[in-house]
Student: 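Have a look at this one.
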Amino acid sequence: MNRSILADMLGEEYEILEAENGVEAVSALQKYRMEIDLVLLDIVMPEMDGFEVLTVMNRNNWIEDIPVIMISAETAPSHIERAYNLGVTDFITRPFNALVVHHRVVNTTLLYAKQKKLVGMVADQIYQKERQNTLMIDILSHIVEFRNGESGQHVLHIRTLTELLLRHLILKTNRYGLTLADISTISIASALHDVGKISIPGEILNKPGRFTDEEFSIMKTHTVIGAEMMEAVPIHSSEPLIKVARDICRWHHERWDGRGYPDGLRGDDIPISAQIVALADVYDALTSARVYKPPFHHDKAVQMIVNGECGAFNPLLMEILQDVAPLLPEQMQDGADYVRTTQLEMRSVAQEMRHYEELSASERTLQLLEHERMKYSFFAAMSQEIQFEYTVNPCLVTLNTWGANRLGLKETVMDPLHNDKVRSILSGGDLEGLVRALRSTTPAQPVVTHECKIFCGDEERWCRIIARATWSADEPPQYAGAIGKAVDIHESQMKLAALERMASHDPLTGLLNHASARKRIIQRMEEQPDGQFAMVIFDLDHFKMANNTYGHIFGDHVLRFLADKLLESIRGADIAARVGGDEFLLFLEYRGELEPIISRIYHAISGCAYEQFPISLSMGIARTDLVGTDYETLFHSADQALYKVKRSGRGWYAFYDESMHDMLSVISPIDGSEGEEETADNVKKGEDNL
C-alpha cells in the first residue's frame, strides 16, 4: 500500500521500480544502479530490512552515487541517527504529506543531476587531457619508428604487452609495490623506450645484415642518449612519467644476468619498468618482420625467450609470460592495441577522478552501460542457457529470465547455499563442490568447469557449469563471487557436432571441404601404407556458361545436383570433396583394375542433365602405385591428367603417366610452408587470357 501511494504521487514525473523486500531492492540496484536516480527506502521490510540494504550499498560504494531518502514510521532518534550515519540524504516520516515528498524528491534529484553534469564535464576534460598527452607521446615515438623503417605498430604493441604483463605481475606478487597508477605511467612511458634512436645514423638503423663491432657500439648509445633526452626535459624533469621514461630508455637492454648494456646492471637492480619493457620489446621484435629477418611464429618466439636464446630475464617474468602466452596473438591483432590503449587511458582517468569524492559516472558512460545491458539481456535470452551471477556480499544469486523459468526459481535468490529449492535442483555435494572449486581459484586463473546433474521439474539432466570467479580491486584481491552458465551436455554436444560439420564441410554441396579431405586422405594413406589408392580431380565443362546464361543461383543448384550424383555413385568409404568453384575431388581405394571403376563413376554423372543444362565432366586420375603417397604429388599428378583432358577437348577422363610430368609446374611456397598447386583450370584460363 505504501509503495502504491508513493507511485501515485511520483509516477507522472518519474519511472518507478518497485521492490517488495530488501533482497529485491539489492537485486534491482545490482542490475540498474547506473540508471537509478533516487531510492525511497523503508526500514521495516521482510527478508532484509532497510538498514541491511544501506549496509550493502555502503559496502559496494553505491551510496556515493545514489541518493537515498528514508521513508518510515520508525521515528526513534536512534533509527534516524543510524540512517544518517549510513548515508541517507533525507528522512521522511509516515503518514505521507504529498507536497513534502514531492519537493524533497525534486530537490534531491535536481541536486544529483547537477552533480552528474559536473562529473561529465570534468571527466571529459580529464579524458581529453590524457588523450592529448598520450597522442603527443605516440607521435614522437612514431617518428622514431618511421625513421627506423618500421610500421608504427611496434609502439602500440609495446604498450599493450607492457600493460598486460604488469597487470599479471601485480596479481602474482606485491614484491614491487606497483599500483594501477604506476601501471598506467609505465605503459605510457614504454612508448619512449627507443627515442634515443633518433640520433643514430639511418644507414646503421636500417642495415639489413649484422652490425660490425663499431656499428654495434654506435647503436648501443641510443639507450644513454634517450635517458639524457629525458633528463634534459625543461621544467617537467621531476614528473613521474619523465622519471619512468628515463629509466626505461637507459636500461631496457639490461639483462638479469648482468650481460646487458649500457651499465651491466644485474637482477632487481634493473627497475621493474625497464625489465617489463625489455621483455615486451624482445617478444615484439621476434614476432614482427624486420629489415634483417622475417617474423617468428608466436609459439616459437615464446619458446626462444623462455629457453634463454634472447638473453636472461627475471624468472618471475618468465612465469608471467607463459601465463599470458595464450592471450598474446589476439592482443596483437590489428585494432586490439587501440582498444587496449583506450582502456588504459580511461583507467588513468578513473585514478584521477578518485580525488573528487562527489563525482560519479558521466552521461556518456550511462548510455554505454545501458547499451551493454541491453545487448547482454538479448543474447542471454537468445542463447537459452542458464546464466547466473553470484555475490558473496550480499550472498545472493541472480539468474537470467530464461534460466530462472527453466529451473522454477525467482530471478534473485537470497542465500542460495542454504535455500531448499536450490538444493533440490543441485545436490548439496555438487553445490558445495562448485563453491570449493571457485574459492580455490586465483585472479590469474579464475575459470572452473564442473559437471553435475540438475533437476528441472521431474527431469534429470547432466550439465556442465562453466564459471569465472570475480575478485575485488583490493590489494591483495578478495574473492567476491562468480559469473557463469550451466550448459546441457547433450545439447552442447549436438551443437559442437554441428559446428564441427560446418568447419569440415562445404556449405553449398554438403561435401567435405578441401582442407578436411586432405587431412582424411593423408590419415588413410598413413594407416594403410600398402593400400592401392587413386586420386580423382574433375570439374564441370562449360560451367561458366550456366552462370552467365541462367544466373548464379541456377549454378549453385547445378553444383548441388552434381554433388548428389557423385555421392550416389561412390561407396561409403570413398572420400568426396569440393575443392572450390566447380572443381571436385574423389579419393578411393581399389583392388584389381581401376579403369572400370572410374568408367562407372564417370558415366553415372556425365551425360545426365540438370533441367536444361547438360552435365559434362573432365577428369584426371593419379594412382599411388605410380606417383607415391605424398599428398601434394598425388594431387598435382591428378591435376596434370585433368589438364591433358582439357587440352584434348574436354568431356572425358585420363590416367596420369610419365608423359604428363612437365605439363604443369608446381608453385613452390616462398616461406617453406605447404603451398597449393596451380590447377589445370587456372592454367587454361591463363592461356585463354594470353
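Numbering of residues begins at 1 and proceeds along the displayed sequence.
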Student: Is the side chain of Asp284 donor-acceptor paired with the backbone N or O of Ala280 at a distance under 3.5 Å, no angle test?
Tutor: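 No, because the side chain of Asp284 does not come within donor-acceptor range (under 3.5 Å) of the backbone of Ala280.
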Student: Using modelled atom types and a 3.5 Å cut-off, is there a donor and acceptor pairing between side-chain atoms of Ser472 and backbone atoms of Gln478?
Tutor: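 It does hold such a pair.
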Student: Report the C-alpha separation of His222 and His252 in whole Å, then their side-chain angles, then the decisive distance to 0.1 Å, and conclude whether the ring-ring contact (aromatic ring centres under 6.0 Å, His included) test is met.
Tutor: CA-CA 11 Å; His222 81 274; His252 72 281; 5.6 Å; yes
Student: Please tell me if the side chains of Ile36 and Asp65 come closer than 4.5 Å, counting only heavy atoms from C-beta onward.
Tutor: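 No; the side chains remain at least 4.5 Å from each other.
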Student: Less than 4.0 angstrom from a charged side-chain N to a carboxylate O is my criterion; do Glu432 and Arg439 meet it?
Tutor: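 Looking at Glu432 and Arg439, the cut-off is not met.
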Student: Counting only heavy atoms not in Glu309 (residues, nucleotides, ligands), do more than 12 fall under 6.0 Å from its CD?
Tutor: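 Above 12, so yes.
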Student: So which of Leu86, Thr108, Val39, Val53 actually passes side-chain contact (heavy atoms from CB on, under 4.5 Å) with Val68?
Tutor: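 The passing option is Val39.
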Student: Just by modelled atom types, is the Gln303 backbone N or O under 3.5 Å from a matching donor or acceptor in the Asn307 side chain?
Tutor: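 A pair under 3.5 Å: yes.
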Student: About how many Å separate OG of Ser187 and CG of Leu166, when rounded to the nearest 0.5 Å?
Tutor: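 Nearest 0.5 Å value for the CG-OG distance: 5.5 Å.
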Student: Is the count of non-hydrogen atoms from other residues, nucleotides or ligands lying under 6.0 Å from Arg175 atom CZ greater than 12?
Tutor: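 Correct, the count exceeds 12.
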Student: On the 0 to 90° scale, with breaks at 30° and 60°, tag the Tyr390-Tyr479 ring pair as parallel, tilted or perpendicular.
Tutor: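 Tilted, since the angle between the ring planes falls between 30° and 60°.
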Student: Ignoring hydrogens and angles, tell me if any N or O in the side chain of Asp281 forms a donor-acceptor pair with the backbone of Ala278 under 3.5 Å.
Tutor: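 Answer holds: no.
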